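Heads up, the thing below is written out as structure tokens.
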Amino acid sequence: MRPEVDNTFCWYPFTLLALKEWNQFQGIINASPCCNSIRPETPDPLNIKSKLKLDPESIMPYDIFHGEEMESIRQYMREGRRHPSCETCWKIEDRGSLSSYRLLSQPSGRNHEEASQQDLIDNPQLRSIDFAFGENCNLRCRMCGPGLSNKLRADYKFFVENRMDTSGMGQYDWQYEWKINDKDHKGTQEEKIANMLEHDIWLKPNTETEVGNWKNGPQWQNILDNIHTLNHIKATGGETLLTKPFQEFVDHAIERGVAGNIMLEFHTNATKFTDTWIEKFKHFEGLFLNLSIDSIGKNYEYCRYPMLWDKVDASLRRLLSKLEPISKQRELPIIKNFSFNPVISVLNAHSLPALFDYQTELVRDYTCFEHTVFWCDLLWPEDKYINVRFLPPHVKQNLLNMYAQIQSNTINGGRGQIAPQLEVVCNHISSHLDYEPTEQDRKNMYREITLFDKSRNQSYNDYLHAEVIEFLETPRA
């Protein structure tokens, strides 16, 4: 069996467990069949949070994978039914896209023979774990939040200290926290705000450098003890290469002599490819690199403050140049997948062609990767004010025309081939093509953009495309 548009099958629940939410006191606080199933509308897809809270460290990752909640999802798929926890993919496919995460899923490991695949369906095995290894990061990306990057707490502090209006801005909405707090405390408005600020952990001293969502306890030890059963891991941060658990996992796999059986897949902002890390990578079966790079040049520096474009370019080229001889020695590319993963917003929407050209240049200059993908994804959550759906219809149509040109160019070079995947984004824009933004939409977008401009001493006029600037500065009728 394989994922098809006329079935509901997905490989992830049969070989993978996503452990994306940890707590420094409790350990694992949530789990899911894949990272895409946890969304604002489905925050607890396995209905397992209460169990983990009541009996925190006695429930091991392997218990979760073989538990009744995961087995329910698998049985739905065997019977051809849609499970509610997979709503993210159902929405993508219902828009007409053939690029949902489900349809692109594959069995974990090297053995993809039909008999072996059927055995996995009948007898699921935890072969792959998708980790979130902490919020430690070195960048303050505008599409991210202070719960995923500790450095962004500097912006949060700035907004609160200056009493700026961040209402509706997701994790930055300190006014929302105050309103919740307001119900439980008496006194003046300023006294209530002061009480909230006193207990807001993101306002504590040194919060920009602290990491609070990881616990090195029995659950983590359970994973390390069974590391020999894994053939693939996925990892995200923060910045993955700055997180201590990821380094511990990598070192442990090398020390146990099992690294050569593990495919190492991780998201990275590509700024920390040091010689030390590159030496460690060489021990593994191969690498799947998901590069969080949204643009190039000055526009990149605006989106992923405070990194300079020349530095990320140098870091990435250092990695590729040092892995070239390893690939030639193995006679196989060590990078199995070299993926650029821009997240589209009004900030970088017009810069995707330049980013695609940059990836094309790397494909032609180096040969240490087997497959290359240009995968563009949506904001999370999607209701951010910098969502492209809030741009005028003619601007959205211009973007669609621009992206159609990218999708028509599958570039060959070296041993790689760039497969541009913009279908999810194009379907998203097309579904909102006729939406006329309101004056409130424009004001909200302007407010979010300029608030960050103030916290970083930047000006959008120096970085954004003329069509976006015109929209920001032209009141709607």
Side-chain angles (χ1 to χ4, degrees), residues 18 20 34-36 38-39 88-89 92 97 99-106 130-133 137-139 141-145 148-149 233-241 246 263-273 287-296 299-300 303-304 307 309 312-313 315-316 319-320 335-345 347-349 351-363 369-382 384 386-388 403 406-407 410-411 416-429:
K20 309 297 282 188
C34 83
C35 66
N36 299 293
I38 294 182
R39 300 287 183 179
T88 298
C89 282
I92 292 174
S97 174
S99 298
S100 72
Y101 308 102
R102 176 186 78 89
L103 292 173
L104 298 175
S105 68
Q106 294 182 352
D130 188 351
F131 294 101
F133 276 123
C137 195
N138 59 326
L139 302 185
C141 306
R142 288 187 179 234
M143 76 294 296
C144 193
L148 297 173
S149 168
I233 73 155
K234 296 183 177 182
T236 58
E239 167 47 39
T240 310
L241 298 184
F246 183 68
M263 194 70 68
L264 203 59
E265 178 175 355
F266 59 95
H267 287 262
T268 174
N269 58 35
T271 64
K272 293 295 180 179
F273 289 134
L287 306 175
F288 275 66
L289 296 180
N290 301 310
L291 303 170
S292 299
I293 302 175
D294 300 287
S295 187
I296 68 171
N299 187 256
Y300 168 89
C303 296
R304 292 192 171 262
M307 183 53 58
W309 171 248
V312 69
D313 174 55
S315 174
L316 189 50
L319 172 78
L320 298 178
I335 301 178
K336 303 304 178 183
N337 195 63
F338 183 67
S339 175
F340 273 40
N341 298 149
V343 175
I344 187 173
S345 71
L347 308 177
N348 68 330
S351 299
L352 295 188
L355 181 62
F356 181 75
D357 289 343
Y358 173 71
Q359 187 181 9
T360 301
E361 180 184 333
L362 295 178
V363 170
F369 26 73
E370 188 171 340
H371 301 289
T372 53
V373 178
F374 186 80
W375 177 277
C376 191
D377 213 340
L378 303 176
L379 286 165
W380 187 88
E382 289 186 19
K384 287 179 178 285
I386 54 174
N387 194 313
V388 291
Y403 300 161
I406 296 177
Q407 289 184 292
T410 297
I411 306 297
Q417 182 185 77
I418 300 182
Q421 299 284 344
L422 284 82
E423 188 178 15
V424 170
V425 166
C426 289
N427 285 341
H428 171 73
I429 296 176

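Source: prediction; values computed, not measured.
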With a 4.5 Å limit on heavy-atom distance, are the side chains of [X] and [Y] in contact?
{"X": "V388", "Y": "V425", "value": "no"}
{"X": "I293", "Y": "N269", "value": "no"}
{"X": "P353", "Y": "I406", "value": "yes"}
{"X": "F246", "Y": "L264", "value": "yes"}
{"X": "C137", "Y": "E239", "value": "yes"}
{"X": "D294", "Y": "R304", "value": "yes"}
{"X": "I335", "Y": "L320", "value": "yes"}
{"X": "N337", "Y": "W375", "value": "no"}

For the [atom1] atom of [X] and the [atom2] atom of [Y], what is their distance to the nearest 0.5 Å?
{"X": "N427", "Y": "L422", "atom1": "CG", "atom2": "CG", "answer": "10.5 Å"}
{"X": "L316", "Y": "L362", "atom1": "CG", "atom2": "CG", "answer": "5.5 Å"}
{"X": "L291", "Y": "F266", "atom1": "CG", "atom2": "CZ", "answer": "8.0 Å"}
{"X": "E370", "Y": "F288", "atom1": "CD", "atom2": "CZ", "answer": "8.0 Å"}
{"X": "D377", "Y": "H428", "atom1": "CG", "atom2": "NE2", "answer": "10.5 Å"}
{"X": "F374", "Y": "Q407", "atom1": "CZ", "atom2": "CD", "answer": "10.5 Å"}

Does the [X] side chain pair with the main chain of [Y], one donor and one acceptor, at a distance under 3.5 Å?
{"X": "S315", "Y": "V312", "value": "no"}
{"X": "N348", "Y": "V343", "value": "yes"}
{"X": "E265", "Y": "N290", "value": "no"}
{"X": "S339", "Y": "N341", "value": "no"}
{"X": "T240", "Y": "T268", "value": "no"}
{"X": "T88", "Y": "N36", "value": "yes"}

Using 30° and 60° as the class boundaries, would you call the ring planes of Y358 and F340 parallel, tilted or perpendicular?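 Rings of Y358 and F340: tilted, 30 to 60°.
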Please work out which of the three classes, parallel, tilted or perpendicular, describes the rings of F369 and F338, given edges at 30° and 60°.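 F338 and F369: parallel rings.
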How far apart are the closest heavy atoms of [X] and [Y], and which atoms are they?
{"X": "M143", "Y": "K384", "result": "O-CE, 3.4 Å"}
{"X": "R102", "Y": "C89", "result": "N-SG, 3.3 Å"}
{"X": "S97", "Y": "V424", "result": "OG-CG2, 4.0 Å"}
{"X": "F131", "Y": "K20", "result": "O-NZ, 3.2 Å"}
{"X": "C35", "Y": "A18", "result": "N-CB, 3.7 Å"}

So N387 and E382, side-chain hydrogen bond (donor to acceptor under 3.5 Å, both in side chains) or not? Walk me through it. CA-CA 7 Å; N387 194 313; E382 289 186 19; 5.1 Å; no
